[in-house]
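A short worksheet on the structure shown next.
Values reported hereafter were calculated over all heavy atoms of this structure, with side chains retained and with hydrogens, waters and symmetry mates removed. Since the structure is predicted, the reported quantities are computational estimates derived from the model, not experimental observations.
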Amino acid sequence: MNRRLGPWIGSAGVLAALVALWWAASHAGWVSRVFLPTPEATAASLGEGLRGDLLGYTLATVGRMLEGWLLASVFGVVLGAAIGVSPSVRAWVQPTLEFIRPLPASALLPLAISIFGLNPAMVLFVVAFGAMWPVLLATVHGFAAVEPRLSEVARCLQLPRAAFVWKIGLPNALPDILAGMRLSMTISLIVAVVGEMIASQSGLGQAILLAARSFRASELFAGIALLGLIGFASNALLAVAEKKLLRWQHS
């Protein structure tokens, strides 16, 4: 029990120390409260906002994040399996993937705006594109790492390609896929917020941008705190799901 509680106690201690430093810096006037509100003011703005428009903004951002993440996961797994299962396809496609992968999703916003316009579809496209790469590359790696003897056995049994993907390739690639999906979730949240800021779509990104322009520091920090909570909660839920889905590895 102590081993399980130890990391949580340490994390809570670090968080408490950061909040204490924040409190001291804001109350001592090290930084102007125009730019650094007190923790109490931030908590008050957060509570007031959740009873008002901030809850709607949060739900809009979470919805975009989840929609983009689901699309990225589906396309990433399907394309990754199609590429990873064939060495010849990997040899042809891998250089192109490595060329496109480093492109930041935000750099495609002007292109997406010119195609879709300033609307929710544009933000969803950019979120899905940016979040797809961790899942795609992780799936390719997982399928490429299948034990060669398993592939030989599948050929000897004349196992159809679809059966090989489902019964051998996918279980072998599942740890990589789930790790890629966790990283993809974080990217989808970041890109959703950036897209809301640039495309003026209702959400936490727009709320944070308007608060910054109006020098409402407590509302700005409240929005940032909400983004942190969303990221923490989504990562924790995926970690639990990953542990359950990979339980067979430790049995």
>> Let me check something: do Leu204 and Leu210 share a hydrophobic cluster, defined by ILVMFWY side-chain heavy atoms less than 4.5 Å apart, either directly or through other members?
In response: no
> Should Val77 and Val74 be regarded as members of a common hydrophobic cluster, given that ILVMFWY residues are connected when their side-chain heavy atoms come within less than 4.5 Å of each other, either directly or indirectly?
Replying inline: no
> Could you go step by step and tell me if Ile187 and Val127 meet the side-chain contact (heavy atoms from CB on, under 4.5 Å) rule?
Replying inline: CA-CA 8 Å; Ile187 294 174; Val127 172; over 6 Å; no
> Distance from Glu242 atom CD to Leu237 atom CG, nearest 0.5 Å?
Replying inline: 13.0 Å
>> For residues 42-58, which residue pairs pass the side chain to side chain donor-acceptor pair (under 3.5 Å) check, not counting sequence neighbours?
In response: Ser45-Ser218
>> Does any part of the side chain of Val123, heavy atoms only, come nearer than 4.5 Å to the side chain of Pro120, both counted from C-beta?
In response: no
> Is the closest side-chain heavy-atom distance between Leu66 and Met185 below 4.5 Å?
Replying inline: yes
>> If you apply the rule side-chain contact (heavy atoms from CB on, under 4.5 Å), what do you find for Val93 with Val140, and how did you get there?
In response: CA-CA 11 Å; Val93 176; Val140 171; over 6 Å; no
> Taking C-beta and beyond as the side chain, do Ser86 and Arg90 meet within less than 4.5 Å on heavy atoms?
Replying inline: no
>> Can you tell me how far apart CG (Leu71) and CE (Met132) are? Round to the nearest 0.5 Å.
In response: 11.0 Å
> Do any pairs count as a ring-ring contact (aromatic ring centres under 6.0 Å, His included) and have a residue in residues 187-246, sequence neighbours left out, and if so which ones?
Replying inline: Trp22-Phe221
>> Per the ring-ring contact (aromatic ring centres under 6.0 Å, His included) rule, what does the pair list look like for residues 111-140, sequence neighbours excluded?
In response: Phe116-Phe125, Phe129-Trp133
>> Hydrophobic cluster membership, with links at side-chain heavy-atom distances under 4.5 Å among I/L/V/M/F/W/Y: are Met197 and Leu227 in one?
In response: yes
> Looking only at atom types and distance, does a side-chain atom of Ser214 sit under 3.5 Å from a main-chain N or O of Ala211, one as donor and one as acceptor?
Replying inline: no
> What residues form a side chain to side chain contact (heavy atoms under 4.5 Å, CB included) with Trp23, not counting sequence neighbours?
Replying inline: His27, Pro39, Glu40
> Quick one: CG on Asn172 to CD1 on Ile177, what's the gap to the nearest 0.5 Å?
Replying inline: 9.5 Å
>> Please give me the minimum heavy-atom distance between Trp92 and Ser88, naming the atom from each residue.
In response: CD1-O, 3.0 Å
>> Hydrophobic clusters here meaning ILVMFWY residues chained together by side-chain heavy-atom distances under 4.5 Å, can you tell me if Ile83 and Phe99 are in one?
In response: yes
> With a 4.5 Å heavy-atom cut-off, do Leu226 and Leu50 have their side chains touching?
Replying inline: yes
> Is the shortest heavy-atom distance from the side chain of Leu79 to the side chain of Thr139 under 4.5 Å?
Replying inline: no
> Would Leu46 end up clustered with Val19 when hydrophobic side chains under 4.5 Å apart are linked, directly or stepwise?
Replying inline: no
>> Nearest 0.5 angstrom please: Leu183 CG to Leu178 CG, how far?
In response: 13.0 Å
>> Under the side chain to side chain donor-acceptor pair (under 3.5 Å) definition, can you give me all pairs with a residue in residues 224-240, not counting sequence neighbours?
In response: Arg182-Asn235
> So Ile198 and Ile113, side-chain contact (heavy atoms from CB on, under 4.5 Å) or not? Walk me through it.
Replying inline: CA-CA 10 Å; Ile198 294 178; Ile113 291 173; 4.3 Å; yes
>> Would the distance check show the side chain of Asn119 and the main-chain N or O of Met122 forming a donor-acceptor pair, the cut-off being under 3.5 Å?
In response: yes
> Is Thr38 reaching over with its side chain to a backbone N or O of Ala41, donor-acceptor style, under 3.5 angstrom?
Replying inline: yes
>> Filter on side chain to side chain donor-acceptor pair (under 3.5 Å), then keep only pairs touching residues 64-75, sequence neighbours left out; what's left?
In response: Arg64-Glu196
>> Ignoring hydrogens, what is the shortest heavy-atom contact between Asp176 and Gly142? Give both atom names and the distance.
In response: OD2-CA, 3.3 Å
> Do you know the tightest heavy-atom contact between Ala72 and Ser184?
Replying inline: CB-OG, 4.2 Å
>> Would you compute the distance between atom CG of Leu70 and atom CE of Met181 and round it to the nearest 0.5 angstrom?
In response: 7.5 Å
>> Restricting to non-hydrogen atoms, name the atom on Ala60 and the atom on Gly203 that form the minimum distance, rounded to 0.1 Å.
In response: CB-CA, 4.3 Å
> CE of Met65 to OG1 of Thr186: how many Å apart, nearest 0.5 Å?
Replying inline: 9.0 Å
